[in-house]
Every structure is written in structure tokens, then in C-alpha cells.
Amino acid sequence: MSIFSSTSASRRADLVEQARKGFVERFGHEPEAVGVAPGRVELLGNHTDYNEGFVLTAALDRGIAIAGASREVPEARVTTLGRGDTATFDPQNPRRDPQALWSDYVKGIVDQFNKIGANIGGFDAAIASDISPGAGVSSSAALLVSTAQLLLNLHPHPLAGDPMALAKLARRAENEFVGAPVGLLDQFSSVFGREGHALFLDCRTLAWRSVTLPASQARILIADSGVKHALAAGGGYSERKAECDAAALWFAEREPDKNIRTLRDVTPAMLEAYAGDLDPVLEKRARHIVYENKRVEMGAEALESGNVAAFGEMMSLTHESCMRFFENSCDEVDTLALTAIAHPGVYGAKLSGGGWGGCTAIVHHPDATESLCAALTETFTAKFGREPSLLPTSAAQGAESFRFA
Ligand code: GLA
């Protein structure tokens with residue numbers, strides 16, 4: 001399918017054109033190909049992915065385009081159009097930048113390609129983006145996946161025909177090269193996105209299905225708190241992951257017959273039966289994950305039966321659980337979510353992504369967009385002395401690549 005055939009296509013076409021032009025300006029000739037990949041919004045399933053649970057996600061109509069061409073010399077030069085930074089490296093031996101730069105995501109993909117024997121020679125590339133890093137819409141996954149798409153176009157490999165393997169490779173790049181212990185949510189969303197649809201993924205079996213988001217009834221607004229979050233090892237994200245693993249182990253020791261590997265295997269009944277016995281912090285973390293998996297299943301079913309209100313309620317319950325049990329929100333995100341939840345025409349709102357900043361995902365009736373934006377701006381500005389950045393968006397197609405004529 002051509003990237004110019006969908007409603008969010010004109011935005012994507014602009015991004016591709018920016019990358020192409022930027023490439024020509026920087027390298028003095030036309031690029032051969034482009035990879036383009038969207039960011040994502042996590043609708044339900046907060047921190048469930050690495051617990052082998054369920055997620056409900058959508059790809060956004062914004063993302064990253066990376067235009068490129070092969071080189072004779074075995075050297076890669078990758079430039080970002082926004083900041084004009086260039087990273088130059090040996091594709092046979094990419095090394096992590098000590099300052100943990102954006103280029104680590106590009107190098108991480110090259111490193112994974114080397115590991116699967118896809119021989120990446122020299123290349124030049126230019127990156128255009130219409131999502132800001134740290135905003136909680138996974139610009140990182142968009143960069144990983146668009147780079148993979150570009151390189152597969154420049155160096156054909158069977159991976160191109162296996163989108164789940166591609167998503168998994170992009171996750172490994174983030175885990176192993178960048179050093180962020182993330183799950184599959186972001187990369188999966190960026191690869192599999194479908195216009196007008198959410199995607200339900202079982203992160204253990206990797207079975208997935210798409211679920212209609214009825215645009216006449218429900219719109220997505222992303223409200224960015226402006227508080228930057230990071231997922232790197234050592235931060236709150238890896239601490240939560242370790243707590244979830246510790247809680248799963250605690251249950252596994254108590255219930256040796258139940259074959260508990262992760263919190264995916266702990267049922268609400270089990271959790272309640274042991275409530276008060278395990279460490280109170282671990283119990284809170286487990287409570288969030290165990291019930292979050294239920295909320296994802298119920299929310300997806302509600303959407304499938306056309307009940308957007310019931311789906312939205314699950315989102316708001318998730319946010320409450322983030323605040324009370326997972327403790328991965330912050331004042332700015334809470335202000336956006338709670339203001340939205342109280343606003344007429346809003347079905348539900350929640351923190352989207354890792355937490356401790358980033359953005360709030362709000363699902364609302366199309367008629368409410370304007371008044372909702374005004375209410376969010378007013379409340380947030382009164383409290384924090386600056387405006388939140390608000391992004392009305394819609395569920396879009398996943399990643400693709402093509403060759404320039
Ligand atoms: C980040 C990670 C994802 C996921 C979410 C929380 O976006 O990259 O893998 O864990 O946080 O649901």
C-alpha cells in the first residue's frame with residue numbers, strides 16, 4: 001500500500017519529503033529509499049508488556065522518516081534535521097555513545113542486523129521527525145523501526161517479510177544496545193499500527209488483533225506534561241521491573257504448582273488471598289499489574305461491542321492505579337489526567353508510557369475537543385506557570401519503507 005493513500009498520509013508525505021530534502025542538502029544527491037515509522041499511544045496496559053500481560057495500543061499519525069542511500073566506503077553518517085547533529089560510525093562495529101545520544105537507537109539497529117548476519121555496509125541517512133523525544137509517544141521506537149525499515153530496503157533480508165521478528169529485533173536493540181529494559185509495546189505498535197484501529201497484544205503468545213476505534217465517537221488527545229522521562233537502566237522504570245519480578249517470584253514460591261513465571265500468571269483471587277502477607281510495596285506493584293491485565297481485556301471487549309464509555313472508564317481506572325499502586329505518575333500528568341476525566345465529553349484519560357512525566361492519553365467525544373483543550377490549558381497553566389502541549393491525533397498505519405523513483 002502506498003503511504004499516500006490514507007487520511008494521515010499527507011502528514012506522513014510531508015515528513016518523508018522533509019527527510020528527502022534534508023538528505024539532498026546534507027549529502028548533495030538524492031536518497032535511494034526511506035523508512036517511516038509512527039510513535040504510539042498506550043491506551044491500556046501500563047507496564048504490563050514486560051510482565052507478559054496484555055496491552056491495547058495505537059500507532060499515531062506522527063513519527064519519524066529516515067531517508068538514506070548506501071555508500072561505497074564502510075562508514076555510516078546519520079544526520080538529524082532538527083538539531084543538525086551528525087553521527088559518524090563504523091557499521092561493522094557500532095559503539096554506544098558515552099552520552100547516550102539519539103544515535104544509539106540507529107546504531108542499536110545496525111548492531112542487531114550484524115547479529116543476524118545482515119551485512120550492513122556504509123550508508124548515509126537524514127532523519128526528520130514530528131514528535132519530540134521524551135514526550136511519552138515513543139519517538140525511540142519510531143527511530144528504531146524507521147531505521148530498520150530503511151536498512152531492509154537498502155539491504156534486502158528475509159526479516160522484511162516477518163513484521164513480528166522486526167518488532168522483536170527493534171526491542172532487542174533497545175534492551176541490549178541502548179540499555180533500556182523495555183517490553184515490546186512500543187516497537188510492536190510502530191510496526192503493526194492500523195489506521196482507525198487500536199491493537200490488542202498478548203505479550204506472552206504475541207497473538208494480536210485490531211479493534212476499531214470509531215472516529216465519529218471517539219478521538220484521542222495527547223497532552224504532554226513537558227516533564228521528560230527516561231527509561232534507561234537504573235531509573236524508576238527498571239526499579240519497577242525489578243519489583244514486578246520480585247513479586248512474581250514471591251507468588252511462585254508460595255504456589256509452586258501454578259507455574260508462575262511473571263505477574264501475568266497471578267490471578268486477582270490469588271492476589272487477594274495473599275493480600276497483607278507480602279511486602280506492601282511489592283503488593284501494590286502486583287495489584288497494579290494483575291488488575292491492569294483485566295482492564296485491558298475488559299476495555300478491548302468494551303470497544304469491540306461499541307461501548308466507548310466502558311472502555312474509557314478502564315483508562316481512568318488505570319490512571320488511578322498508577323497513582324495509588326504503581327506510583328509512576330507525577331503532579332503534572334495527574335493534573336492533566338484528572339482535569340480531563342472531570343471534563344464533559346471525556347470517556348477516559350490515563351498516563352501513557354513509562355511514567356514520571358511524559359504524556360496523558362485522553363479519549364473523548366469529537367465535540368469536546370475544543371473545550372477540553374481550553375480547560376487543560378487553563379488548569380495546567382494556573383498551576384505550573386506554563387502551557388501543556390496538546391496534540392489531537394488519530395490511530396494511523398504502522399511503519400513502511402519505499403524507494404524513491
Ligand atoms: C515504556 C516502555 C514500554 C512499556 C511502557 C509502559 O513506553 O518502552 O515497553 O513498558 O513504558 O507500559
Side-chain angles (χ1 to χ4, degrees), residues 37-60 63 104-105 108 131-145 167-193 198-204 206 208 222 224-225 227-233 235-245 262-264 285 288-293 295-296 299 314-315 318-319 321-323 325-330 333 337 350-361:
R40 63 94 188 91
V41 57
E42 172 200 293
L43 294 169
L44 285 170
N46 185 256
H47 285 252
T48 46
D49 59 355
Y50 58 77
N51 286 295
E52 299 185 306
F54 308 119
V55 296
L56 190 73
T57 174
L60 299 182
D104 286 345
Y105 293 90
I131 46 178
S132 51
V137 293
S138 203
S139 56
S140 51
L143 182 52
L144 290 164
V145 172
K168 284 160 69 179
L169 176 137
R171 178 192 175 186
R172 288 200 303 276
E174 194 158 353
N175 290 164
E176 296 169 17
F177 196 88
V178 178
V182 297
L184 191 62
L185 166 75
D186 305 345
Q187 303 81 10
F188 164 79
S189 316
S190 188
V191 171
F192 284 87
L199 311 168
F200 176 95
L201 173 69
D202 177 334
C203 297
R204 171 171 283 169
L206 302 186
W208 66 278
I222 304 235
D224 180 6
S225 67
V227 180
K228 302 286 177 217
H229 73 303
L231 300 175
Y237 187 92
S238 55
E239 186 185 289
R240 287 296 175 278
K241 184 171 184 305
E243 288 165 348
C244 290
D245 291 345
T262 60
L263 286 177
R264 156 71 176 266
R285 309 307 185 233
H288 174 76
I289 300 298
V290 168
Y291 283 97
E292 182 68 353
N293 279 328
R295 285 187 286 270
V296 185
M314 292 299 137
M315 291 182 74
T318 293
H319 191 76
S321 177
C322 289
M323 286 168 57
F325 303 126
F326 216 62
E327 297 175 295
N328 62 332
S329 191
C330 66
V333 172
K350 65 177 268 296
L351 172 169
S352 169
W356 300 280
C359 69
T360 307

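Just so it is clear, the structure is predicted and the values come from calculations on it, not from any experiment. Quick note: numbers below take in every heavy atom, side chains included, and nothing from hydrogens, waters or symmetry partners. In listed order, ligands and their atoms are each counted from 1.
- A distance of 8.5 Å separates CD in E327 from CD in E243, rounded to the nearest 0.5 Å.
- Close approach of ligand 1 to E42 (heavy-atom distance below 4.0 Å) involves ligand atoms 5 (C), 6 (C), 12 (O).
- Using bins of under 30°, 30° to 60° and over 60° for the plane-to-plane angle, the ring pair F326/H47 lands in the tilted bin.
- A donor-acceptor pair shorter than 3.5 Å can be found between the side chains of R295 and T318.
- Distances shorter than 4.0 angstrom occur between a heavy atom of G45 and an atom of ligand 1.
- At least one heavy atom of R40 sits less than 4.0 Å from an atom of ligand 1.
- In terms of N/O distances under 3.5 Å, ligand 1 is approached by G354.
- Using a distance-only test at 3.5 Å, with no hydrogens or angles considered, no donor-acceptor pair links the side chain of N46 to the main chain of S352.
- The contact set between ligand 1 and Y237, taken as ligand atoms under 4.0 Å from a residue heavy atom, comprises 1 (C), 2 (C), 3 (C), 4 (C), 9 (O), 10 (O), 11 (O).
- Among the atoms of T48, none of the N or O lies under 3.5 angstrom from an N or O of ligand 1.
- Ionic pairing of R171 and E174 is not present here: no N-O contact between side-chain nitrogen and carboxylate oxygen is shorter than 4.0 angstrom.
- S190 contributes a side-chain N or O that, together with a main-chain N or O of P38, makes up a donor-acceptor pair within less than 3.5 Å.
- In terms of polar-atom proximity, G183 is counted as a contact of ligand 1, with an N or O under 3.5 Å from an N or O of the ligand.
- Using a 4.0 Å cut-off between heavy atoms, E292 makes no contact with ligand 1 at all.
- Note that OG1 of T57 is 10.5 Å distant from CG of L184, once rounded to the nearest 0.5 Å.
- Of all the atoms in ligand 1, the ones that sit under 4.0 Å from a non-hydrogen atom of G353 are 5 (C), 6 (C), 7 (O), 11 (O).
- In terms of heavy-atom proximity, S140 sits nearest to Y105 at CB-CE2, 3.4 Å.
- The shortest N or O to N or O distance between H47 and ligand 1 is under 3.5 Å.
- Each of the following atoms of ligand 1 lies closer than 4.0 Å to a heavy atom of D49: 3 (C), 4 (C), 9 (O), 10 (O).
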